[in-house]
Visitor: 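Below are the structure tokens for one structure; questions will follow.
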Amino acid sequence: MKTSLGARIGMLVLAAFAGAVYGVVGTVAHASTLVGLPIGLVLGIIGAGALLLAIRLLSDRWAAIAAGAGMTIAIVLFSGEGPGGSVIAPAGLAATIWTITVPLIAVAIAMWPQIPEPRAASGAGVGREVPPDVSR
């Protein structure tokens with residue numbers, strides 16, 4: 001089934017927006033730790049991968065690319081120094097891992113090969129085994 005151009009553009013914009021929102025939230029929260037463990041970074045990476053995978057499985061490659069681009073742009077914009085000199089996400093190992101890992105996950109999920117759908121057998125019963133009759 002083909003979708004209209006308007007629906008397609010709307011889907012891509014929505015996917016990019018969802019990716020950007022998650023990119024902002026992850027960039028702000030990735031530095032969170034719990035008892036010295038980088039729980040914000042781990043949950044952020046898992047969440048980014050889950051969002052991208054869900055978009056790819058429910059839609060298509062282009063929507064996953066749009067979401068990954070939205071995430072990456074948000075990460076780059078919110079990782080730098082603001083106009084007033086303030087920094088939302090200070091540089092460090094967690095920030096470097098977040099900045100590199102999320103775009104790599106986005107590329108891996110977007111470029112993963114399409115899994116072909118199983119084809120229906122043409123013809124009634126051709127090439128298929130008939131299950132044994134167990135009612136006797």
Side-chain angles (χ1 to χ4, degrees):
M1 175 199 269
K2 292 201 172 199
T3 57
S4 70
L5 181 62
R8 185 100 173 119
I9 291 172
M11 177 193 57
L12 294 175
V13 168
L14 188 61
F17 180 74
V21 168
Y22 196 87
V24 170
V25 172
T27 300
V28 171
H30 81 275
S32 301
T33 59
L34 181 66
V35 193
L37 298 173
I39 195 77
L41 178 64
V42 172
L43 291 177
I45 290 172
I46 291 170
L51 176 66
L52 290 166
L53 186 61
I55 289 172
R56 172 69 197 265
L57 291 175
L58 294 174
S59 185
D60 64 354
R61 180 182 318 270
W62 290 105
I65 290 171
M71 273 187 199
T72 303
I73 290 168
I75 289 169
V76 169
L77 288 177
F78 282 84
S79 293
E81 189 174 309
S86 62
V87 177
I88 293 176
L93 181 60
T96 303
I97 292 171
W98 173 253
T99 305
I100 293 171
T101 305
V102 172
L104 287 177
I105 291 171
V107 168
I109 289 175
M111 295 303 135
W112 195 262
Q114 183 77 22
I115 298 172
E117 294 182 17
R119 294 186 296 171
S122 60
V126 176
R128 288 190 273 172
E129 285 187 356
V130 177
D133 185 12
V134 292
S135 62
R136 290 190 246 167

Visitor: In the hydrophobic clustering (ILVMFWY, side-chain contacts below 4.5 Å, transitive), which residues join Val42, or is it alone?
Guide: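 Result for Val42 is Ile46.
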Visitor: Going by salt bridge (Lys or Arg N to Asp or Glu O under 4.0 Å), name the pairs with one or both residues in residues 29-39, residues two or more places apart or in two chains.
Guide: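 Qualifying pairs, neighbours excluded: none.
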Visitor: How would you list all residue pairs meeting side-chain hydrogen bond (donor to acceptor under 3.5 Å, both in side chains) that involve residues 31-53, not counting sequence neighbours?
Guide: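 Non-adjacent pairs meeting side-chain hydrogen bond (donor to acceptor under 3.5 Å, both in side chains): zero.
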Visitor: Between Gln114 and Arg56, is there a side-chain heavy-atom distance shorter than 4.5 Å?
Guide: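 Yes, side chains in contact.
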Visitor: Group every Ile, Leu, Val, Met, Phe, Trp and Tyr by side-chain heavy-atom contacts under 4.5 Å, then state whether Met71 and Val107 land in the same group.
Guide: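 Unlinked, Met71 and Val107 end up in two clusters.
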Visitor: Mind checking who shares a hydrophobic cluster with Leu104, ILVMFWY linked at side-chain heavy-atom distances under 4.5 Å?
Guide: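 Under the 4.5 Å side-chain rule, Leu104 groups with Ile100.
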Visitor: Do you know the tightest heavy-atom contact between Leu52 and Ile105?
Guide: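 In terms of heavy atoms, the two residues are closest at CD1-CG2, 4.3 Å.
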Visitor: How many angstroms lie between CG in Leu53 and CD1 in Ile109, if you round to the nearest 0.5 Å?
Guide: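 Spacing of CG (Leu53) from CD1 (Ile109) equals 5.0 Å.
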Visitor: Please report the shortest heavy-atom distance between Ala67 and Ile55, naming the atom on each side.
Guide: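 Taking every non-hydrogen atom into account, CB-CD1, 3.6 Å.
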Visitor: When hydrophobic residues are tied together by side-chain contacts of less than 4.5 Å, even through go-betweens, does Ile75 share a cluster with Leu41?
Guide: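 Looking at the clustering, Leu41 is in the same group as Ile75.
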Visitor: Going by heavy atoms in the side chains, are His30 and Leu43 under 4.5 Å from each other?
Guide: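 Sidechains of Leu43 and His30: no contact.
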Visitor: Donor-acceptor pairs under 3.5 angstrom involving side-chain atoms of residues 6-25: please list them, not counting sequence neighbours.
Guide:
residue : atom : partner : partner atom : Å
Arg8    : NH1  : Asp60   : OD2          : 2.7
Arg8    : NH2  : Asp60   : OD2          : 2.6
Tyr22   : OH   : Gly44   : O            : 3.3

Visitor: Donor-acceptor pairs are to be reported for all side-chain atoms of residues 90-99 against protein atoms at under 3.5 Å, with residues two or more places apart or in another chain.
Guide:
residue : atom : partner : partner atom : Å
Thr96   : OG1  : Gly92   : O            : 2.9
Trp98   : NE1  : Thr27   : OG1          : 3.1
Thr99   : OG1  : Ala95   : O            : 2.6

